[in-house]
Each structure stands twice: as structure tokens, then as C-alpha cells.
Amino acid sequence: MSQHQNEVASPSLPAQLLHHVSRRRQRFYGVIAFALILLAAATFIYGGFATGLDLTSYVPRPKAPLPPANPGADAGAVDAAPGANGANSKNAPATTTHTDSGAKSGPTTTTQDSGAKVGDDSQQPTDAPDFQVQPGIPPKIWQIMLPKTDDKSKEDFIADPKILSETPSWLAMNPDYQYTLVGHRGGEEFVRKHFGHNPRILEAYTHMPNVGMKSDLLRYLLLSAEGGVYTDTDTVALRPIDEWVPEQFRGKAAVVVGIEFDRRDGPAWVDISHWVQFCQWTIAASPGHPVFDKMVDRVLYSLDQLALEHGVPFTELKKLDSFEVMNSTGPAAWTDVVWAQLQEFDNSLTDIKNLSYMEEPRLYGDVVVLPIDGFGMGQPHSESTDDGTIPPDALVKHLFNGSWRGDKKKRKIQPSQ
Ligand SMILES: *[C@@H]1O[C@H](CO)[C@@H](O)[C@H](O)[C@H]1NC(C)=O
Ligand SMILES: *[C@@H]1O[C@H](CO)[C@@H](O)[C@H](O)[C@H]1NC(C)=O
Ligand SMILES: *[C@@H]1O[C@H](CO)[C@@H](O)[C@H](O)[C@H]1NC(C)=O
């Protein structure tokens, strides 16, 4: 019987076994799938909490930049959304990636990561603006040194070390900050990596009519993508960056701007179209602030306007006067954009004269505005302290060497008489 059974059963045994095995396998796969779903859910929930609780990580920028157009070119690069990396990687030497990848990109000193951020005392902003930019200035310092000429030798351009004679003040005042001198190659790579998805930005950067305008655009792009402090090479650090945001604004400030010119009761000045003008020789910012998106839009718009006025494609714009430069990429354009941003935050600001005669730093939304001596001491106007002393509220001194300007003209402002 058993023999018979075996005989009968034996042909079907493999099938039964298979059936049995495949059901076991199904159950096995089911368990695995369930475990994976649990794991994914846990990761998602944990990730959500982690982002919500970890005050040292940046909130991703509202309009996350698209991935670089040519990701292969930048092996090991941090992703295009530096804000999204969280605490552990936020200060990863992203900057060394794009400067080091070109062998000749210049001296990049990467100092230790202090992890500290200016103006971030781990408090959430109480009067948070309607977009989320993590307050605080990441510990990065940027300077730009681009070759003046358009000739082939620009690839090998090396600056006269004297031009960087003020840079040690920045290093000494700000230990553990990451310092990057962005050169020709590093600048191109950076723009390609972070803004390569936007052909207009790439084209504008590549074909800027002169090196000053190129440097202007690059600083906005650097601060937009990476944050930190941009400062011209002819500036001297007078106070540590950690002290720039007044204590009462810490944890609320995402951008620091300074006044360069305040007409007050004085005469009009050459090339100054605003009663109060902001400087862009030094700017501090948290990455992803919309004021830089707006500024980049303004630059692109102005280039189109200039092309129309000159009757040539913008790539063929050559001789621009100094006001055209200032009003397309420079301080006049920057002032329009910053002022519009401040008005967005505070609709009682109706006239830029509202910022005239400022004596103390003010906070509008998440933007700190410094009075004239903050970034603009030592100038013979605007009631800037210009008696050879350094006032206590002076953070930066601008020497107006105009070293990186394509033309000989300095950007220093002059009375119109
Ligand atoms: C910049 O200007 C200052 C003051 O005019 C001068 O002392 C300094 O040597 C200049 N630096 C360079 C690199 O030209
Ligand atoms: C500055 O540029 C803007 C934008 O291109 C333009 O609307 C404005 O008229 C210019 N300002 C002056 C004083 O020309
Ligand atoms: C700005 O100036 C206008 C005109 O003088 C004034 O009415 C307004 O109150 C000022 N706003 C602020 C915030 O000071």
C-alpha cells in the first residue's frame, strides 16, 4: 500500500514539493517585503523628525536647484542642494571640491569645521518670513580672483600675492572657517555644477562683458548655493564674523547687508541713483535665500535691457559705462533687489530714505541691515567714520583698490560736482 502510494505519489511528489516550496518562498518574500516597507516607513518618519529637530541642519532651499548638467565632471562633489545635507555634511568641504578639482584653481585653505554658525543660537525665528531659510551664516569665506583679460593665458592666471595682502586678516579673525579663493577654473566649474541646468545663467556667466560683472554674478551664485561670507580681496576684516549679527537678532538673521552710501542731507553723487545704496563688496548669507534668486533674475533682465539699448546680442556687449555696470550686476542693481526684499518683509517701508541716518543695525524679516560704519567705514561721505579711527561697530574696511576690476576705474564713489 505504501509502495503503491509511493508509486502513485512519486510522480506528483516533485510537484507537491515545488508547490510547498513556492508557497514558503511566497511567504518568505512577503515577510521581506513587509520588513522593507516597515524599514522605509521608519526611515521616512525618522528622517522627518531628524530634520524637524536638528536645528543645526539647514532647511532645504524652497526651490531646490536641479542636479548639475554634467555630474560626471565632478566626481565626489556634494549634491546641488547644499542646504539639504543635514548637520553632518553641511560643512563638508564642498568648496574644496570645485576648486581642487582643477589642479590650478589656486590656494584653497580648508580649515577645521567648527560647526558653529553666526547668528544661530538654535532658536527658531519667531517672526519667520513666509519661506524657510535656516538662519545663521555657515563658516565659509569666499574671495574671487579672476583674470582680467579674455585671452588664452587666463587658464594659467596667477594673482600677484600682494593683491591678497589683506586676506590674512580674514583668516586670523575667523579661525576654523573654510576659506576659498575662487579662480577662473573653479568659478566655471562651480557655475556649471550648481547652475548648469539653467542655460541662461551659464551663458551670462561665460559671456559677461567684463571681469567685474563676472565677479559680481559669481558672488551672488556662491552665496545662493553655499552661503557664508563673500568679501572683495581689497577688504580688511575688523571683527570676527561670529560677531556680525547683533545678539538680539541671532537665530533670526539669514542675510547681512551693509550700507555703502547714505546721501542724508548731502549732494547727489556720480553714478549713485539711490538715496541709500547697499554695498556688495561684502555680503553674508545663509544658502538658498530668495534675495539671490531675485538678484540673478535682475542680472539676466539687465543684460537683456543693455543688449536692446546697444542693439547687439548681450554676448557682444563690450564697452559699458560704469553706471551700466553698477545698475546691471553691481551695487545699484543689488540695492533695488535688497530694497524690494525688505519691503516684502515690512510694508511700512515706502521710501528708501527710511534707511537714511541709520545708527543701529536693524532686522527686516531675516535680513540684517548694518549702518554705514558696519561695512562702509573710512569713506569721505555718508557720515562714515573717516578720521583714522576704527569705530566699535565697524566690521569691515574696504580699501577701494579695485584690484580685480577689468578697467582701471575704481568703484569708489565721487561727488557729482
Ligand atoms: C590698497 O590700497 C591701500 C590704501 O590705499 C594701500 O595701502 C595698499 O597697498 C593697496 N593694496 C594693493 C594690493 O594695491
Ligand atoms: C537700472 O536698470 C533697471 C533695470 O534694467 C532699469 O529699469 C532702470 O531704469 C535703470 N536705472 C537707471 C537710473 O537707468
Ligand atoms: C518711511 O517713510 C515714509 C515717508 O517719509 C513714512 O511715511 C513711513 O512711515 C516710513 N516708514 C518707516 C518704517 O519708517
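Ligands are counted one by one from 1 in listed order, and the atoms in each one are counted from 1 as well. Predicted model only: the values in this text are computed from it and were never measured.
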Return the orientation label for the Trp334 and Phe292 ring planes: parallel under 30°, perpendicular over 60°, tilted otherwise. parallel
Atom indices of ligand 2 within 4.0 angstrom of Phe323 heavy atoms, with elements: 12 (C), 13 (C), 14 (O)
Centroid-centroid under 6.0 Å between Phe375 and His398 rings: no
Please write down residue, atom name and distance for the protein heavy atom closest to atom 3 (C) of ligand 2. Arg298 NH2, 3.5 Å
Hey, mind stepping through Asp386 and Ser384 against side chain to side chain donor-acceptor pair (under 3.5 Å) and telling me if it holds? CA-CA 6 Å; Asp386 193 26; Ser384 164; 5.9 Å; no
After noting the C-alpha distance and the side-chain angles of Tyr179 and Gln143, does the key distance pass the side chain to side chain donor-acceptor pair (under 3.5 Å) rule? CA-CA 8 Å; Tyr179 172 81; Gln143 295 196 310; 2.7 Å; yes
Just to be sure I'm reading this right: ignoring hydrogens, which of Thr350, Leu355, Asn347 gets closest to atom 4 (C) of ligand 3? Compare them by their nearest heavy atoms. Thr350
min-distance protein heavy atom vs atom 7 (O) of ligand 2 -> Tyr301 CE2, 4.9 Å
How about Asp366 and Tyr364: does a side-chain donor come under 3.5 Å of a side-chain acceptor? no
Are any of the N/O atoms on Ser165, whether in the backbone or the side chain, positioned under 3.5 angstrom from an N/O atom of ligand 1? no
Quick check on side chain to side chain contact (heavy atoms under 4.5 Å, CB included): which of Leu202, Thr206, Asn198, Leu222 does Val191 satisfy it with? Leu202
Can you tell me the protein heavy atom closest to atom 1 (C) of ligand 2 and the distance? Asn327 ND2, 1.5 Å
Among all protein heavy atoms, pick out the one at the shortest distance from atom 13 (C) of ligand 3; state its residue, atom name and that distance to 0.1 Å. Ser348 OG, 3.2 Å
Below 4.0 angstrom from a heavy atom of Lys162, which ligand 1 atoms are there? Numbered from 1 as shown, please. 13 (C)
Of all the non-hydrogen atoms in the protein, which one sits nearest to atom 10 (C) of ligand 3, and at what distance? Asn354 ND2, 2.5 Å
Do NZ/NE/NH1/NH2 and the carboxylate oxygens of Lys353 and Asp351 come within less than 4.0 Å? no
